[in-house]
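Notes for the one structure printed next.
Quick note: residue numbers are just sequence positions, from 1.
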Amino acid sequence: MVTALVRRWATLAESIQGTGKRQNQDWYAFSGTGSGADPLVLAVADGHGSAAHARSALGARFAVDRFVALATEFGRAADACHEPGGLARLMNYARNDMPRALVQSWREAALGHWSRHRPVADLGRPEPGPDEKLTLYGTTLIGAVVTPWLLTAWQIGDGDLAVVGHDGSVDRPLAPAEDDLGDETESLCGPQAWRAVRTYWAPVFEEARLPRLVVLSTDGLSKSFASEEGFTEFVGDMDGRLATEGFEGVRAALPDWLRHASRYSGDDTTLAAALLHSYAARPRPERDPEPGTDPAADPAAHSDADLGPAPDSDPDTEPERKRET
C-alpha cells in the first residue's frame, strides 16, 4: 500500500483599487489545503469596468465563485482517478468540458442576477437579448487547482499565471502568443467564450518536482512593468524574498508592492499566490534591520481568513472588500 504525502500550501492574496478608479472591479478567492480530498483552488478575475460593462464587478465575483466550486469538484475527481485511461479522460475534461461548464455556470449566474435586478426600462423599449445582458457583467478569469500530483489552470482574457518550479525557474504557461491590443481582451461575456479559454495541464509524477510557488494576478500588475521580463523578474524576486524574509514578511509587504504597481498601471491590481509548505516553513535567517524600519513591528497582523471575501456574503449586492493593511 502506498501512502501519498499530504501537501500543505500557504496562501496569500491582496487587491488594490486603481488610482482614480471609482470601484475595484477585481475579485479573488482561494480555498483548500492541496491534499487529494481537499484540493487547493485559487482564482482571480478582472471586471472590464467600462460603461458598457456596468456590472462587471459582480461579473468578476460570479466568475471566481463559480470557478472555485467547479475546480474543487475537478480536484476531488482527479484524486479518485486511478483506473486505466482515467488520466486521459481527465485531461480531455479539463481541456474541453471544463471551459464549457465554467462559461455556462457564469452565464446562468449573470442572467439570474439580471432577472432579479432589472433596470428601469424606458416605455416601449424592448428587453435586451442575452448577449447584451451578459456584456454588462464582462470579466476575465484565471483559476488554478492543485492536488498532490496535478496542477491544472485555466484562463480567459488578460492577466498572468506564473509557476516557480522546484528548481527556481519561472514559467508563464498560459501567456498568449501575442499580447492583446490596447484594452481589448477575451471575455466570459463573449460569444462562444469557452473557445477562448486556455488550459494548462501539468501532472506531477515525482513529488520532488512539485512547483514551489504558484502566482495568479490581474493585468494591473504586469502592465506596471516596461516589459514581460519585468513581471517575470518580479515573481522571481518574490520567490527569493520568501526564502530570505519568510512568508509573513512577504505577506505584510504585499499591499505596498501592489499599491506601487497600481500607481504605474493606473489599474486595479490583484495577486493571489500559494507557496509549498516545505518552503513556507523555512526558518527566517537572522539579519540586521534595514534603516528606517521598526524591528519590533509585527508583520503577521492578520490571518488568511481576512484575505478573501466572506463566504456568507450576499452576491446580489455590490462587492465590498475589508482587509487589514
Return all side-chain donor-acceptor pairs below 3.5 angstrom for residues 98-109, not counting sequence neighbours, or 'none' if the list is empty.
unit_1, atom_1, unit_2, atom_2, d
Gln104, NE2, Glu108, OE2, 3.1
Trp106, NE1, Gly59, O, 3.0

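- Judged by distance alone, the side chain of Thr185 and the main-chain N or O of Asp158 form a donor-acceptor pair under 3.5 Å.
- A distance-only check finds no donor-acceptor pair linking the side chain of Ser262 to the backbone of Leu258 [under 3.5 Å].
- Ring-centre distance between Trp9 and Phe30: not below the 6.0 Å cut-off.
- Side chain of Ser265 to main chain of Ser224: no donor-acceptor pair is present (N/O by atom type, distance under 3.5 Å, no hydrogens or angles).
- For OH of Tyr93, the number of neighbouring non-hydrogen atoms (other residues, nucleotides, ligands) closer than 6.0 Å is greater than 12.
- Counting only distance, with no hydrogens or angles, the side chain of Arg8 and the backbone of His277 share no donor-acceptor pair below 3.5 Å.
- Here CG of Leu216 is found 8.0 Å from CD of Gln155. Values are rounded to the nearest 0.5 Å.
- Take Ser227 and apply the side chain to side chain donor-acceptor pair (under 3.5 Å) test, not counting sequence neighbours, and it matches Glu229.
- Residue Phe205 holds its CZ atom at 9.0 Å from CG of Leu150, rounded to the nearest 0.5 Å.
- When the side chain to side chain donor-acceptor pair (under 3.5 Å) test is applied to Asn92, the partners found at least two apart in sequence or on another chain are Asn96.
- Judged as a salt bridge (charged side-chain N to carboxylate O under 4.0 Å, His left out), and not counting sequence neighbours, the contacts of Asp267 are Lys21, Lys223.
- Note that CZ of Arg76 and OG of Ser35 are 9.0 Å apart. Values are rounded to the nearest 0.5 Å.
- One distance of note links NE2 of His113 with CG of Leu136; it measures 10.5 Å at 0.5 Å rounding.
- Exactly one of Trp201, Tyr200, Phe67 qualifies for a ring-ring contact (aromatic ring centres under 6.0 Å, His included) with Trp154. That residue is Phe67.
- The salt bridge (charged side-chain N to carboxylate O under 4.0 Å, His left out) check on Asp237 picks up nothing, with sequence neighbours excluded.
- Under a 3.5 Å cut-off, the side chain of Gln17 and the backbone N or O of Asp268 do not form any donor-acceptor pair.
- Considering only residues two or more places apart in sequence or on other chains, Asp256 meets the side chain to side chain donor-acceptor pair (under 3.5 Å) condition with Arg259.
- Distance alone, capped at 3.5 Å, places no donor-acceptor pair between the His53 side chain and the Tyr137 backbone.
- Between the Arg116 side chain and the Gly112 main chain, a donor and an acceptor come within less than 3.5 Å of each other.
- Side-chain atoms of Glu186 never come within 3.5 Å of backbone atoms of Gly190 as a donor-acceptor pair (strictly under, hydrogens ignored).
- With rounding to the nearest 0.5 angstrom, the OG1 atom of Thr152 is 4.0 Å from the CZ atom of Phe74.
- Taking the six-membered ring where tryptophan is involved, the planes of Phe234 and Phe225 are tilted, since the angle between them lies from 30° to 60°.
- Judged by distance alone, the side chains of Thr270 and Ser15 do bring a donor and an acceptor atom under 3.5 Å apart.
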